[in-house]
K.L.:
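Shown below is the structure under consideration.
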Amino acid sequence: MIKRTLEELKLYDAVGHHGVSTFRIHGKEETGAQKFWIGLSVFLPGGGADWAYEDNPLEKVYYVLEGEITITDKDGKKYVIHKDESISFPPNEGRGMKNETNSPVRMLVTINYPDA
């Protein structure tokens, strides 16, 4: 069993993200988790992630802890995810995202490892 606290977390650079602080909570390097990792993303107003193409074979789940984030699919359809709501992505499904509000967004991110 491994307990983690916010004070222990280290920032990492999430490619294609802007106006966001990203922390890895659990994963291979942090706690030895082998099948998936969990992160915390804090998006400032206007922060987000560029379009991520469909060639990513990983499953993803985003769970909003605070605020709301707008997710855009490949057809331009927007999904507003509010506090205590989540959205999941099967392998090879692209997405873009942006905090379109004036308040920060705190979001848990769960992603499987490619070899899991």
K.L.:
Any side-chain heavy atom of Ser86 within less than 4.5 Å of one from Ile81?
P.N.:
no
K.L.:
Please check if the side chain of Lys60 supplies one atom and the backbone of Leu58 the other of a donor-acceptor pair under 3.5 Å.
P.N.:
yes
K.L.:
Measure the CH2-OG1 distance between Trp37 and Thr31 for me, rounded to the nearest 0.5 Å.
P.N.:
12.5 Å
K.L.:
Do Tyr12 and Phe43 share a hydrophobic cluster (ILVMFWY, side-chain heavy atoms under 4.5 Å, transitive)?
P.N.:
yes
K.L.:
Please tell me if the side chains of Asn99 and Leu44 come closer than 4.5 Å, counting only heavy atoms from C-beta onward.
P.N.:
no
K.L.:
Would a 4.5 Å heavy-atom cut-off, applied to side chains only, mark Leu9 and Arg4 as touching?
P.N.:
yes
K.L.:
Look up atom NZ in Lys83 and atom CD in Glu66, then write down how far apart they are to the nearest 0.5 Å.
P.N.:
7.5 Å
K.L.:
So which atom in Val20 and which in His17 form the shortest heavy-atom distance, rounded to 0.1 Å?
P.N.:
CG1-CB, 3.3 Å
K.L.:
Quick one, Asn92 and Pro57 - any side-chain contact, counting heavy atoms below 4.5 Å?
P.N.:
yes
K.L.:
Any link between Tyr113 and Val15 through a network of hydrophobic side chains (Ile, Leu, Val, Met, Phe, Trp, Tyr) touching at under 4.5 Å?
P.N.:
no
K.L.:
In terms of heavy-atom contacts, does NZ of Lys28 have more than 12 from other residues, nucleotides or ligands at under 6.0 Å?
P.N.:
yes
K.L.:
Tell me, do Thr70 and Tyr79 make a side-chain contact under 4.5 Å, heavy atoms counted?
P.N.:
no
K.L.:
Between atom CZ of Arg95 and atom OH of Tyr62, what is the distance when rounded to the nearest 0.5 Å?
P.N.:
3.5 Å
K.L.:
To the nearest 0.5 Å, how far apart are CH2 in Trp51 and NZ in Lys74?
P.N.:
8.0 Å
K.L.:
I want to check something: taking the side chain as every heavy atom from C-beta on, are Glu59 and Val61 in contact at a cut-off of under 4.5 Å?
P.N.:
no
K.L.:
Cluster question for you: counting only ILVMFWY and a side-chain heavy-atom cut-off of under 4.5 Å, with indirect links fine, are Phe23 and Leu65 together?
P.N.:
yes
K.L.:
So Arg106 and Leu40, side chain to side chain contact (heavy atoms under 4.5 Å, CB included) or not? Walk me through it.
P.N.:
CA-CA 7 Å; Arg106 294 182 62 217; Leu40 173 66; 4.0 Å; yes
K.L.:
Please answer whether the main-chain N or O of Lys77 pairs with a side-chain N or O of Asp75 as donor and acceptor at a distance below 3.5 Å.
P.N.:
no
K.L.:
Check whether any side-chain heavy atom of Glu29 lies under 4.5 Å from a side-chain heavy atom of Lys10, and answer yes or no.
P.N.:
no
K.L.:
Atom CD1 in Ile2, atom NE2 in His26: separation rounded to 0.5 Å?
P.N.:
8.0 Å
K.L.:
Which atom names give the shortest non-hydrogen contact between Pro45 and Ser103, and what distance separates them?
P.N.:
CG-N, 3.9 Å
K.L.:
Just by modelled atom types, is the Gly32 backbone N or O under 3.5 Å from a matching donor or acceptor in the Gln34 side chain?
P.N.:
yes
K.L.:
Distance from Ile69 atom CD1 to Ile87 atom CD1, nearest 0.5 Å?
P.N.:
11.0 Å
K.L.:
For Phe36 and Ala33, work out which heavy atoms get closest and say how close.
P.N.:
O-CB, 3.5 Å
K.L.:
List in chain and number order the residues that pass salt bridge (Lys or Arg N to Asp or Glu O under 4.0 Å) with Glu100, two or more places apart in sequence or in another chain; answer none if no residue qualifies.
P.N.:
Lys78
K.L.:
Quick one: are Val109 and Thr22 in side-chain contact, heavy atoms under 4.5 Å?
P.N.:
no
